[in-house]
Amino acid sequence: MLLSRLARVSQEVAAASARSRKIALLAELFRDAEADDVPIVIPYLAGRLPQGRLGVGWKVLGRPVAPAAEPTLTVREVDALLGRLGGVSGPGSRAERARLVGELLGAATEDEQRFLFGLLTGEVRQGALDAVAVEGLARATGAPAAEVRRAVMLAGSLQTVAGALLADGPAALERFRLTVGRPVLPMLAHSASSVAEAVEKLGACAVEEKLDGVRIQVHRDGDTVRVHTRTLDDITDRLPEVTAAARELPGERFVLDGEVVSFDADGRPRSFQETAGRVGSRVDVATAAREVPVSPVFFDALSVDGRDLLDLPFAERHAELARLVPEPLRVRRTVVSGPQDTGAAEEFLAATLERGHEGVVVKGLDAPYSAGRRGASWLKVKPVHTLDLVVLAAEWGHGRRAGKLSNLHLGARTADGGFAMLGKTFKGMTDAMLAWQTERLRELAVDEGGYVVTVRPELVVEIAYDGLQRSPRYPAGVALRFARVVRYREDKRPEEADTVEALLAAHPEVRP
DNA sequence: TTCCGACAGTGGGGTCGCAAT
DNA sequence: ATTGCGACCCCACTATCGGAA
């Protein structure tokens with residue numbers, strides 16, 4: 001199949017607003033793909049590379065290359081070239097990658113270049129990714145969409161399922177069951193604004209502490225232990241403590257879901273930055289493990305002794321977990337009977353925060369494990385802080401925000417009467433707010449030269465954030481974590497905005 | 001007819017490791 | 001030695017479609 005066909009379909013998908021139309025377009029293309037093209041075409045149209053990321057980003061792609069006049073590239077040729085690209089490493093590899101990318105782009109037409117650009121940067125922006133591709137695949141093969149989706153979650157990969165389906169038809173879906181040693185997409189949580197709201201929604205539920213670390217899925221099959229992240233990357237080699245802990249457990253075959261975190265000498269959780277830095281260290285793991293030891297803490301069991309527990313109610317899965325995993329290696333929790341018992345849930349949240357953790361996750365007791373879904377039966381509750389800050393500058397948006405000032409630079413007052421930038425945010429704005437702030441900020445602009453528009457520091461905005469973190473980049477030595485706009489405060493003058501001093505006083509746990 | 005769940009898009013800060021400077 | 005870049009960790013929120021209620 002020619003790459004030009006994919007590029008054209010991707011454009012048509014982007015132009016279609018109806019999901020059903022997007023699905024139909026993808027299904028038609030998948031149906032036409034030859035067997036050898038399928039493992040390439042399907043991931044490409046889901047906005048994904050079969051090889052994973054290739055070490056090619058905006059910088060390498062930034063240099064314009066004269067496009068080819070006629071489309072001649074086939075998807076198999078593209079795949080072969082990207083395969084070579086992925087294998088390049090060592091001195092001179094940057095130049096070699098750039099050369100290969102240039103070769104590829106030079107053979108592509110303008111439309112094809114645009115498609116490849118999106119694919120390589122992971123931003124296809126056609127309003128259709130995995131979920132829509134799954135529907136298209138189901139349509140193309142005559143398999144029920146729900147079963148295809150479930151197979152993809154259990155295989156942890158769309159390609160694998162696509163290959164099997166196109167080779168053997170819908171019957172192939174039978175093969176995709178939870179298998180120890182093969183990671184499945186983890187279940188995710190929604191947010192709730194309070195414990196009361198969460199308990200109201202879920203009724204009888206467990207309230208569990210939410211640890212601020214890295215999600216892990218641990219598979220043990222006899223002596224073999226594998227540890228995977230939320231995106232199913234294998235990080236076994238970086239976490240010897242987790243492997244050791246899994247081998248200590250009194251079971252030969254199991255799959256557990258949990259979090260890996262680091263505690264200091266007093267048993268207080270270290271900052272996310274410290275834990276994530278440790279988990280990210282892969283060269284000298286022994287040293288990293290000595291300096292920042294980590295512990296696994298589990299909260300769910302997906303499989304124990306060959307029994308697949310996914311469809312069991314959480315209460316039963318947790319009973320299995322408790323049989324296998326001793327209490328110190330499980331998250332703290334309390335069970336409440338319903339809204340009449342909200343007080344106990346709130347006390348548990350307060351105690352959890354007192355111990356230095358992030359918040360709680362409230363979980364319905366009768367819900368199954370919805371692999372790969374953001375299940376409505378898991379609700380996280382974290383405290384939210386707010387500040388009144390001053391807009392120092394704004395950046396022009398992209399995509400559907402093109403032509404709008406989107407990303408705000410946020411400042412707090414300093415002792416000398418100036419402002420210190422604490423981070424940026426593009427979150428929380430409605431379309432109406434985007435339009436309004438674009439107009440208002442242009443009135444305040446002192447420099448509209450580049451993609452950053454600097455403004456007179458006069459506009460006050462209320463910002464919600466999750467916490468403060470140490471920053472090597474911003475002048476106050478701290479930055480806001482997950483900042484988002486709540487509303488503009490036109491009733492406030494910049495002299496009434498919050499100060500850096502007050503912010504630091506409110507977060508004694510963080511020192512710049 | 002209205003409501004709500006699922007998705008995609010729009011980017012945020014930090015750290016690590018590698019290659020280039 | 002330092003800098004630049006890409007890959008991944010963590011993530012919030014809004015708009016939209018389409019099926020559920």
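Listed candidates were dC10(C), dG17(B), dC8(C). Nearest to the side chain of D233(A) is dC8(C). Of the candidates dA6(B), dG11(B), dG14(B), the closest approach to any side-chain atom of H190(A) belongs to dA6(B). Listed nucleotides dG12(B), dG17(B), dC11(C) differ in distance to E395(A); the shortest reach to its side chain belongs to dG12(B). Considering only side-chain atoms of R94(A), the nucleotide from dG11(B), dC9(C), dA20(B) that sits closest is dA20(B). Of the listed nucleotides (dG12(B), dC7(B), dC10(C)), dC7(B) has the atom at the smallest distance from the side chain of R19(A). Listed nucleotides: dG11(B), dG9(B), dG13(B). Nearest to the side chain of S406(A): dG11(B). The listed nucleotides are dC10(C), dC7(B), dA15(C); the one nearest the side chain of F272(A) is dC10(C). For T430(A), counting side-chain heavy atoms from C-beta on, the closest listed nucleotide (dC16(B), dA8(B), dA15(C)) is dA15(C). Among the nucleotides dG13(B), dG17(B), dA12(C), the one closest to any side-chain atom of S281(A) is dG17(B). Among the nucleotides dG11(B), dC11(C), dG13(B), the one closest to the side chain of F482(A) is dC11(C).
Between R282(A) and dG17(B) there is no side-chain N or O to OP1 or OP2 distance below 4.0 Å. In this model, the phosphate group of dC9(C) is approached by a side-chain N or O of T231(A) to a distance below 4.0 Å at OP1 or OP2. For dG11(B), the OP1/OP2 oxygens have a side-chain nitrogen or oxygen of H398(A) closer than 4.0 Å. Side-chain nitrogen and oxygen atoms of Q273(A) include at least one within less than 4.0 Å of the OP1 or OP2 phosphate oxygen of dT15(B). Residue R278(A) places none of its side-chain N or O atoms closer than 4.0 Å to OP1 or OP2 of dT15(B). For dG9(B), neither phosphate oxygen OP1 nor OP2 lies less than 4.0 angstrom from any side-chain nitrogen or oxygen of R400(A). Remark: N407(A) is not in phosphate contact with dT10(B), judged by side-chain N or O atoms under 4.0 Å from OP1 or OP2.
Computed from coordinates, the H409(A) NE2 to dG11(B) C1' distance equals 12 Å when rounded to whole Å. The distance between atom NZ of K22(A) and atom C1' of dG9(B), rounded to the nearest whole Å, is 11 Å. At whole-Å resolution of the value, CD in E96(A) and C1' in dA20(B) are 16 Å apart. Put simply, CG on L54(A) is 11 Å from C1' on dG6(C), counting in whole angstrom units. For K380(A) and dC11(C), the NZ to P distance is 5 Å, given to the nearest whole Å. Remark: P of dC8(C) and CD1 of I235(A) are 12 Å apart, rounded to the nearest angstrom. Rounded to an integer number of Å, the gap from M153(A) CE to dC7(B) C1' is 11 Å. Between E274(A) atom CD and dT15(B) atom C1' there is a gap of 12 Å when expressed in whole angstrom units.
The residue among R238(A) and S17(A) whose nearest nucleotide of DNA chain C lies closer to the 5′ end is R238(A). Comparing T229(A) and S20(A), the nucleotide of DNA chain C nearest to each residue sits closer to the 5' end for T229(A). Both L129(A) and A95(A) lie close to DNA chain B; mapped to their nearest nucleotides by heavy-atom distance, the more 5′-ward contact belongs to L129(A). Mapping V132(A) and R97(A) onto DNA chain B via the closest heavy atom, the residue that lands nearer the 5' end is V132(A).
Looking at heavy-atom distances under 4.0 Å, V60(A) makes contact with sugar-phosphate atoms alone, never a base. Note on K201(A): nothing from the nucleic acid sits closer than 4.0 angstrom, heavy atoms only. When heavy atoms are screened at a 4.0 angstrom cut-off, G90(A) is found touching the sugar-phosphate backbone but no base atom. Residue T275(A) is out of contact with every strand shown, counting any heavy-atom pair closer than 4.0 Å. Nucleic acid contact class of A479(A) (heavy atoms, under 4.0 Å, all strands): sugar-phosphate only. Among the atoms of the strands shown, none is found under 4.0 Å from any heavy atom of K404(A). Among the heavy atoms of the strands, none lies under 4.0 Å from D212(A). At a threshold of 4.0 angstrom between heavy atoms, the contacts of K427(A) include nucleobase atoms, whether or not backbone atoms are also involved. At the heavy-atom level, R53(A) lies under 4.0 Å from the strands shown only through sugar-phosphate atoms. Residue A128(A) is in sugar-phosphate contact alone, with no base atom involved, counting any heavy-atom pair closer than 4.0 Å across all strands shown. As judged by a 4.0 angstrom heavy-atom cut-off over every strand, T425(A) is placed among residues making no nucleic acid contact. Counting any heavy atom pair closer than 4.0 Å across all strands shown, V283(A) reaches sugar-phosphate atoms only and no base atom.
Side-chain N or O atoms of K22(A) include one that pairs as donor or acceptor with a backbone N or O of A16(A) at under 3.5 Å.
Exactly one of R481(A), K382(A), H385(A) qualifies for a side-chain hydrogen bond (donor to acceptor under 3.5 Å, both in side chains) with D466(A). That residue is K382(A). The side chain to side chain contact (heavy atoms under 4.5 Å, CB included) with Q126(A) is formed by just one residue from the set V9(A), L25(A), L45(A); it is L45(A). With E209(A) as the fixed residue, the salt bridge (charged side-chain N to carboxylate O under 4.0 Å, His left out) test singles out one of K380(A), R355(A), R330(A), R333(A): R355(A).
Looking at R401(A) and S406(A), their side chains do bring a donor and an acceptor atom within 3.5 Å of each other.
A centroid separation of less than 6.0 Å is found between the aromatic rings of Y465(A) and H507(A).
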Begin with the C-alpha distance, continue with both residues' side-chain angles, and end with the deciding distance and a verdict on side chain to side chain contact (heavy atoms under 4.5 Å, CB included) for V207(A) and V195(A). CA-CA 9 Å; V207(A) 184; V195(A) 164; 5.5 Å; no

Full working for side chain to side chain donor-acceptor pair (under 3.5 Å) between S194(A) and E197(A): CA-CA 5 Å; S194(A) 70; E197(A) 180 193 318; 4.6 Å; no

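For E509(A), the CD atom counts as densely surrounded, since its 6.0 Å shell holds more than 12 non-hydrogen atoms of other residues, nucleotides or ligands.
Remark: dC7(B) base-pairs with no nucleotide in the shown strands. Criterion, Watson-Crick or G-U wobble with two distances under 3.5 Å.
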